[in-house]
Amino acid sequence: QVQLVESGGGLVQAGDSLRLSCAASGRTFSIYAVGWFRQAPGKEREFVASIWWYGGGTNIAESVKGRFTISKNNAQNTVYLQMNSLKPEDTAVYYCATGSGSTRYREYGTWGQGTQVTVSS
């Protein structure tokens, strides 16, 4: 089993930056890819970014491309989501999850508890 814990969320103003962390523990050798998703109230869970655990390839959603980057530190079993030029529409609960690396949340099996990001205008 893998356990995931997100951190780094908070309340910021439009244009600010935040870096989210996703710390993995347990059977981390079994991880194939880690994805970040977000969910705003009343909306479906939305893919943000993913990274392959061993290869390092990444996939970024068009809605955040150019503003968000995903990276990892395998030695620390941590995946990061760097979010720059934040907008109010980025407000959501952000989750990390292990899975296929695709954009489809149903292809991810283990999820963290989520971290709230609120961007004020």
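These numbers were taken from a predicted model, which means no experiment stands behind them.
At most 12 heavy atoms of other shown residues, nucleotides or ligands fall within 6.0 angstrom of atom OH in Y32. For CD of Q113, the number of neighbouring non-hydrogen atoms (other residues, nucleotides, ligands) closer than 6.0 Å is greater than 12.
Contact of the W111 side chain with the L4 side chain is not registered, since no non-hydrogen atoms from C-beta on lie closer than 4.5 Å. For the pair V93/Y95, a side-chain contact is recorded, criterion being any heavy-atom separation below 4.5 Å from C-beta on. Taking the side chain as every heavy atom from C-beta outward, R38 and W36 never approach each other to under 4.5 Å. Residues K87 and V119 fail the side-chain proximity criterion, which asks for heavy atoms closer than 4.5 Å. Residues T91 and V117 have side chains not in contact (no heavy-atom distance under 4.5 Å, counting atoms from C-beta outward).
By the 6.0 Å and 45° rule, R45 does not stack over the aromatic ring of F37.
The CZ atom of F47 sits 7.0 Å away from atom CD1 of I60, with the distance rounded to the nearest 0.5 Å. A distance of 4.5 Å separates OG of S25 from CD of Q3, quoted to the nearest 0.5 Å. Separating the OH atom in Y105 from the CD atom in E44 is a distance of 6.0 Å, to the nearest 0.5 Å. Going from atom CZ of R27 over to atom CD of Q1 covers 9.0 Å, rounded to the nearest 0.5 Å. Rounding to the nearest 0.5 Å places SG of C96 at 11.0 Å from OH of Y108. Considering CD1 of I70 and CG of L81, their distance stands at 6.0 Å, rounded to 0.5 Å.
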side-chain hydrogen bond (donor to acceptor under 3.5 Å, both in side chains) for Q82 and T69? Distances and angles first, verdict last.
CA-CA 5 Å; Q82 178 66 44; T69 57; 5.9 Å; no

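Cluster annotation: W52 is not connected to F29 through the hydrophobic network of ILVMFWY side chains, with a link wherever side-chain heavy atoms come within less than 4.5 Å. Hydrophobic clustering (side-chain heavy atoms under 4.5 Å, transitive across Ile, Leu, Val, Met, Phe, Trp, Tyr) groups V12 together with L20.
The backbone N or O of G101 sits less than 3.5 Å from a side-chain atom of S50, completing a donor-acceptor pair. A donor-acceptor pair is defined here as one N or O able to donate and one able to accept, closer than 3.5 Å; no such pair exists between the side chain of S63 and the backbone of A61. Of the possible polar contacts, one joining the E6 side chain to the G114 backbone as a donor-acceptor pair under 3.5 Å is found. Without hydrogens or angle criteria, R67 side chain to S85 main chain gives a donor-acceptor distance under 3.5 Å. Listed for the K72 side chain is no donor-acceptor partner under 3.5 Å among the backbone atoms of Y80. Under a 3.5 Å cut-off, the side chain of Y54 and the backbone N or O of I31 do not form any donor-acceptor pair. Listed for the T115 side chain is a donor-acceptor partner under 3.5 Å among the backbone atoms of G9. In this structure, N59 contributes its side chain and T103 its backbone to no donor-acceptor pair below 3.5 Å. Side chain of N73 to backbone of Q76: a donor-acceptor contact under 3.5 angstrom is found.
In terms of heavy-atom proximity, W53 sits nearest to N77 at CZ2-OD1, 3.5 Å. What you find for S100 and A33 is that their closest heavy atoms are C-CB, 3.9 Å. When all heavy atoms are compared, the tightest approach of L18 to G8 is CD2-O, 3.6 Å. Among all heavy-atom pairs drawn from S121 and A14, the shortest one is CA-CB, 4.4 Å.
Relative ring orientation between Y94 and F68 is described as tilted, the plane-to-plane angle lying within the 30° to 60° band.
S102 and E107 share a donor-acceptor pair across their side chains, judged by distance under 3.5 Å alone.
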